[in-house]
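Take a look at the structure below.
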Amino acid sequence: MTYHFSDRIANLQPSLVREILKATSNPDVIPFAAGNPAPDAFPVQDVARIAGEILAERPIDALQYSITEGYSPLRDAVRSMVENHYKIPVRENGLIIISGAQQGADLASKVLVNEGDTILCENPSFIGCLNCFRSYNCNLVGVEMESDGVDTAKLEQAIVENRNVRLFYTIPNFQNPTGITTSEAKRREIYRICKKHNVIILEDNPYGDLRFSGASLPSIKSFDEDGLVIYIGSFSKIVAPGMRVGFALAPQPLIAKMTVGKQCEDVHTNMLAQMIIEQFLTKTDIEAHIAKIAEIYRRKSRLMLDCIAREFPASVAQTEPEGGLFLWCTLPEGADMMEFCRIAAQRNVAVVPGIAFLADEKAPCRSFRMNFSTPTDEAIVRGVSILGELLRELY
Ligand SMILES: Cc1ncc(COP(=O)(O)O)c(C=O)c1O
């Protein structure tokens with residue numbers, strides 16, 4: 001049989017991160033390449049108790065079909081969280097429960113982007129969403145990152161120079177992969193530029209609650225009096241990624257179309273998972289839980305940075321994130337980053353080559369991503385020491 005794959009999928013490669021993660025399933029490999037929440041950050045007992053209560057008291061609600069927009073009590077709880085916790089005025093926006101932030105990127109593309117239209121993203125950016133954009137056969141263009149967020153002059157230039165720019169995708173808090181936080185001034189400038197040129201902003205904020213230093217900054221959505229921001233939130237990093245629950249807050253006409261798009265994809269998000277998240281938000285001390293997990297990541301990031309300061313040569317640069325799960329290391333001029341990642345993997349330490357996160361995966365890149373949430377403390381110490389030894393041999 002000859003299989004004729006669609007143009008949308010034919011050129012799409014399996015995510016480099018997923019491929020590397022396959023290697024990290026080997027227990028001997030130190031998993032700096034992963035992006036999983038730390039095992040001790042999962043509220044296992046609360047989830048087990050709540051799931052038991054739901055299945056004992058309201059089993060059919062949890063097991064029956066439901067509406068695409070999402071479980072109403074959860075939508076109410078999320079609206080209240082958005083207003084009170086994230087300080088985003090809901091205004092006339094609609095809200096839909098989605099099966100993780102990743103589905104938000106998919107639905108935004110499905111609703112707004114025709115083949116050949118342009119999507120702009122930060123360069124580097126989250127590979128999962130980049131691959132999702134690619135699957136719509138769009139013109140994907142990366143805009144360079146600086147230490148305080150995207151280069152806004154280059155953003156405006158990219159909007160002017162590319163045809164049919166439909167979306168600018170941004171991760172303002174503790175970006176994946178760099179750990180960079182976009183400054184408030186740049187958030188306002190991004191909003192101003194996109195408004196001027198009629199470009200929708202896709203603001204993806206899965207890590208916003210994982211802040212362990214610095215003051216929190218207003219989300220771009222909180223400025224949105226003009227209906228140009230699709231804000232995506234997720235419970236993957238504050239409750240559990242396996243539950244696949246997130247939400248999109250966006251102008252009502254966009255939510256209406258996203259709802260139709262979601263109907264075709266998965267009808268609705270898993271009901272039991274939605275009900276568990278609703279009870280978790282309304283019946284437990286969510287603020288205390290968030291403070292607890294932010295502290296886990298503060299400690300682990302500090303440990304990794306201290307080890308790096310001790311072990312890596314000064315010619316290797318790294319970001320110092322104020323939250324999230326990742327930091328981004330850059331090798332000295334002339335270094336062969338892929339060769340470094342390959343030898344590191346041979347020595348049983350997995351990091352992600354930076355090219356995986358570029359809009360153009362063939363562009364030159366001397367950086368790699370390291371994750372501090374997945375490995376144990378002991379693995380962080382040992383893994384950074386192995387990488388340090390390799391770096392000293394090579395550079
Ligand atoms: C920036 C970013 N957006 C979205 C996602 C996907 O999250 P979810 O599990 O909510 O689909 C991730 C996951 O790592 C991410 O890093």
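All ligand and atom numbering here is 1-based and tracks the order in the structure. Hydrogens, waters and symmetry mates are skipped; everything else that's a heavy atom, side chains included, is used.
- Geometric assessment of Arg211 against the ring of Phe174 yields a negative cation-pi assignment under the 6.0 Å and 45° thresholds.
- Residue Asp204 has at least one N or O atom closer than 3.5 Å to an N or O atom of ligand 1.
- Of the protein's non-hydrogen atoms, Ala101 CB, 3.8 Å is the one closest to atom 7 (O) of ligand 1.
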**Item:** Stepwise salt bridge (charged side-chain N to carboxylate O under 4.0 Å, His left out) test for Lys186 and Glu189
**Value:** CA-CA 5 Å; Lys186 280 208 167 162; Glu189 183 60 1; over 6 Å; no

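- Listed by number with element, the atoms of ligand 1 under 4.0 Å from a non-hydrogen atom of Arg244 are 8 (P), 9 (O), 11 (O).
- The closest protein non-hydrogen atom to atom 5 (C) of ligand 1 is Phe126 CE2, 3.4 Å.
- Remark: of the listed residues Leu74, Val239, Ile238, Leu74 is the sole one forming a side chain to side chain contact (heavy atoms under 4.5 Å, CB included) with Leu281.
- If you look at Gln175 next to ligand 1, there are no close heavy atoms at all, none under 4.0 Å.
- Ranked by closest heavy atom to atom 9 (O) of ligand 1, the top entry among Ser99, Ser236, Ser234 is Ser236.
- Nearest heavy-atom pair, Arg188 versus Pro218, reported as atom, atom and distance to 0.1 Å: NH2-CG, 4.5 Å.
- Shown in contact with Asn176 at under 4.0 Å from a heavy atom are these atoms of ligand 1, numbered in order with element: 15 (C), 16 (O).
- Residue contacts with ligand 1, taken as heavy atom pairs separated by less than 4.0 Å, do not involve Phe235 at all.
- The backbone N or O of Gln64 lies less than 3.5 Å from no partner atom in the side chain of Asp61, so there is not a single donor-acceptor pair.
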Original post:
Can you list the steps and then say if Phe340 with Phe368 is a ring pair (Phe, Tyr, Trp, His ring centres under 6.0 Å)?
Top reply: CA-CA 9 Å; Phe340 165 77; Phe368 58 95; 4.9 Å; yes

* To do: Assess whether salt bridge (charged side-chain N to carboxylate O under 4.0 Å, His left out) is satisfied between Arg8 and Glu115, documenting all intermediate values.
  => CA-CA 9 Å; Arg8 307 177 54 209; Glu115 211 165 290; over 6 Å; no

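- When only non-hydrogen protein atoms are considered, atom 16 (O) of ligand 1 lies nearest to Tyr207 OH, 2.5 Å.
- Without hydrogens or angle criteria, Gln318 side chain to Trp328 main chain gives no donor-acceptor distance under 3.5 Å.
- At least one heavy atom of Pro206 sits under 4.0 Å from some atom of ligand 1.
- Of the heavy atoms in Lys237, only side-chain atoms (C-beta onward) come closer than 4.0 Å to ligand 1.
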